[in-house]
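Heads up, the thing below is written out as structure tokens.
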Amino acid sequence: AFVIEPKIDGLAMALTYENGLLVRGATRGNGVEGENVTANVRTVNSIPLRIPTRSDGPPAPARIEVRGEVYMPIADFNRFNQQQLDKGEKIYANPRNFAAGSLRQLDSRITAQRPLAFFAYAIGYVEGAEIGSQQQALDYLKALGFPVNPDILHTTSFAAAIDFIHKWMERRNDLPYDADGAVVKIDSFALQRELGVVGNAPRWAIAYKFPAREATTKVLAIKGNVGRTGQITPYAELEPVNIGGVIVRNASLHNYDDLAKKDIREGDTVIIKRAGDVIPQVVKPILDLRPADSQPAQPPAVCPVCGQPTTRLGDDVALFCINAACPAQLVRQVEYFVSRGAMDIEGFGIKIGEQLVAEGFIKDIADIYFLQRDDLLKLEGFAEKKVDNLLGAIEASKQQPFDRFLTALGIRYVGNVVAGLVVSHFPAIDQLSRATQEELQAIEGVGPRIAESLVAWFSGPANQSLIDKFRRAGVTLQARRTGPEQPQTLAGLTFVITGTLPTWSREQAQAFIEQHGGKVTGSVSKKTNYLVLGENPGSKLTKAQSLGIPTLGEQELQNLAQA
């Protein structure tokens with residue numbers, strides 16, 4: 001059986017209720033940590049503050065996490081924008097970004113003025129109710145009084161599922177909310193557990209994305225954008241065009257090889273699409289409308305920002321500015337370093353980064369920690385409260401976990417997932433800086449390109465000086481253990497967990513293993529030492545048996561750690 005649900009373009013939300021009362025609202029964040037937006041969630045009319053007790057419905061559970069999507073109905077969005085226009089105030093580009101921004105307001109009174117809505121679509125956990133399928137979960141949520149999208153199909157026919165998606169897609173422009181596709185889920189929770197998850201992608205669900213919306217417009221100019229790694233990416237400046245309610249003025253051209261292959265030129269009339277209904281891209285030129293005097297676009301011989309020669313690195317299709325002092329790279333590095341997914345320095349946006357780089361106060365990213373209050377107060381737009389808040393946020397960021405710092409450095413191919421893998425094996429900056437390519441590649445999930453990139457970065461004298469500067473500033477450069485120190489009796493052992501354990505969740509079991517020095521991976525391989533086995537194990541047990549890998553129960557795992 002399948003459940004097919006609209007993929008609403010909003011903001012994922014997890015609502016925790018205890019004894020029927022809403023106690024927490026949190027965004028999905030990175031899947032592990034999100035933002036606490038409880039005060040703002042309480043202002044959304046369709047989110048109940050209390051699960052009602054009704055004679056015709058089930059009793060409120062002792063504890064439940066309700067997952068769903070906060071969105072903005074299109075009619076309400078258009079009405080709000082019209083009111084803004086009438087008052088001569090700012091209007092908003094699209095419902096999705098407006099909904100996300102509304103929920104992240106520091107003042108919940110502002111959120112209360114925004115016409116937000118909510119649909120529940122899943123249960124994270126529940127105490128006091130046995131639910132065996134997605135359809136049962138949806139029915140249970142409706143019975144508790146939560147709004148559930150009426151455009152959901154439950155069927156035992158896969159052909160009916162596909163037919164429903166196609167018909168639903170035809171209604172796309174008539175829907176009262178923005179949606180960019182549909183999600184097909186296996187209904188049975190037992191089958192979901194057996195199918196499992198790869199990384200953060202479940203094997204039991206798949207998103208069917210709708211074709212991108214398209215429009216035609218004219219290319220006014222082709223320019224290059226310099227990123228934080230020095231990569232120069234071409235983009236097209238366009239005559240403004242409305243695509244799905246969003247005014248598009250610029251569109252990505254990917255790289256100069258792709259630009260030459262598509263033969264897109266200044267003055268061309270082109271077809272534009274929003275990939276995933278988000279990122280504008282140029283699909284192709286309309287050749288019949290091409291001006292007679294047009295010329296093919298050429299890769300720039302010099303950086304459009306600093307004027308230094310450009311180059312290609314190895315067989316990479318990308319074009320680079322290799323001038324480490326290029327102002328555009330530094331601004332992008334600062335922007336990335338302070339961003340929410342990296343050091344998360346609140347109030348430090350791109351405009352502040354540009355201003356501080358232009359004034360010469362930031363010559364490398366470590367200079368962020370050496371900004372002086374008196375210097376900042378001299379700058380335009382920097383009042384005392386703003387300066388104090390900014391310096392306070394910078395000081396607080398020194399305590400960010402080591403893996404966040406590693407992410408923030410902006411090393412090529414090293415995002416937050418890779419940073420977490422690397423830090424689990426090299427928990428201090430000195431250890432990591434001495435690691436060889438072979439040692440890094442031994443980490444499951446770290447391939448040769450990642451390892452080569454890390455070794456190259458740490459071997460650079462300028463980067464070593466940068467690390468010393470961070471050390472002088474007091475930034476956390478090693479992983480911190482949480483809780484009491486445990487004997488590392490599982491050091492050197494790799495575990496995989498499958499099935500439902502008697503008393504532990506998988507997360508609790510993983511934490512126990514890691515606290516005792518072991519490592520947990522998501523799939524069975526020849527490097528696996530033990531399979532931790534619970535009830536209803538999936539295909540991992542079959543794979544372990546074929547490889548002769550021993551299995552452990554929960555108690556046996558505890559005994560092994562205490563040996």
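All values reported here derive from a predicted model rather than from experimental measurement.
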message: When you measure from the side chain of N529 to the backbone of T494, do you find a donor-acceptor pair of N or O atoms at a distance under 3.5 Å?
response: yes

- request: With the side chain counted from C-beta on, respond yes when E127 and I64 share a heavy-atom pair under 4.5 Å apart, and no when they do not.
  value: no

query: Do L144 and P58 have side chains that get closer than 4.5 Å, going by heavy atoms?
result: yes

query: Looking at E5, Q135, Q192, which one forms a side-chain hydrogen bond (donor to acceptor under 3.5 Å, both in side chains) with K185?
result: E5

- prompt: Are a donor atom and an acceptor atom from the side chains of Y177 and D76 found within less than 3.5 Å of each other?
  reply: no

field: Sidechain-backbone polar pair: R28 side chain, A12 backbone, donor-acceptor under 3.5 Å
entry: no

query: Would you say the side chains of Q82 and N78 form a donor-acceptor pair under 3.5 Å?
result: no

- request: Indicate whether any N or O donor in one side chain lies under 3.5 Å from an N or O acceptor in the other, for Y125 and R63.
  value: yes

query: Just by modelled atom types, is the Y530 backbone N or O under 3.5 Å from a matching donor or acceptor in the T528 side chain?
result: no

message: A side-chain contact here means heavy atoms from C-beta on lying under 4.5 Å apart; do L22 and R50 qualify?
response: no

message: Could you check whether any side-chain N or O of S453 sits under 3.5 Å from a backbone N or O of R412, counting only pairs where one atom can act as donor and the other as acceptor?
response: yes

message: Looking at K398, is its backbone amide N or carbonyl O close enough to the side chain of T476 to form a donor-acceptor pair, meaning the two atoms are under 3.5 Å apart?
response: yes

field: Main-chain N/O of N81 paired with Q84 side-chain donor or acceptor, under 3.5 Å
entry: no

- request: Indicate yes or no: at least one non-hydrogen side-chain atom of L560 is less than 4.5 angstrom from one of T489.
  value: no

query: Between S133 and Q136, is there a donor-acceptor pair closer than 3.5 Å when you use the side chain of the first and the backbone of the second?
result: yes

field: Backbone of I165 reached by a side-chain donor or acceptor of D163 within 3.5 Å
entry: no

- prompt: Any donor and acceptor pair, going by atom type alone, linking the side chain of Q281 with main-chain N or O of S252 inside 3.5 Å?
  reply: no

pair D403-N416: side-chain heavy atoms closer than 4.5 Å: no

message: If you apply the rule ring-ring contact (aromatic ring centres under 6.0 Å, His included), what do you find for F80 with F98, and how did you get there?
response: CA-CA 11 Å; F80 188 91; F98 187 33; 5.0 Å; yes

- prompt: Should we count CD1 of I206 as having more than 12 external heavy atoms under 6.0 Å?
  reply: no

message: With heavy-atom distances below 4.5 Å as the criterion, would you say the side chains of V241 and I247 are in contact?
response: no

task: Answer with yes or no after comparing the ring centroid distance for F210 and W168 against a 6.0 Å cut-off, counting only values under it.
output: yes

task: Give a yes or no answer on whether the side chain of E194 reaches the backbone of F189 with a donor-acceptor pair at less than 3.5 Å.
output: no

query: Is any side-chain heavy atom of S46 less than 4.5 Å from a side-chain heavy atom of V44?
result: yes

- request: Consider only side-chain N and O atoms of Y208 and H166, and report whether a donor and an acceptor are under 3.5 Å apart.
  value: yes

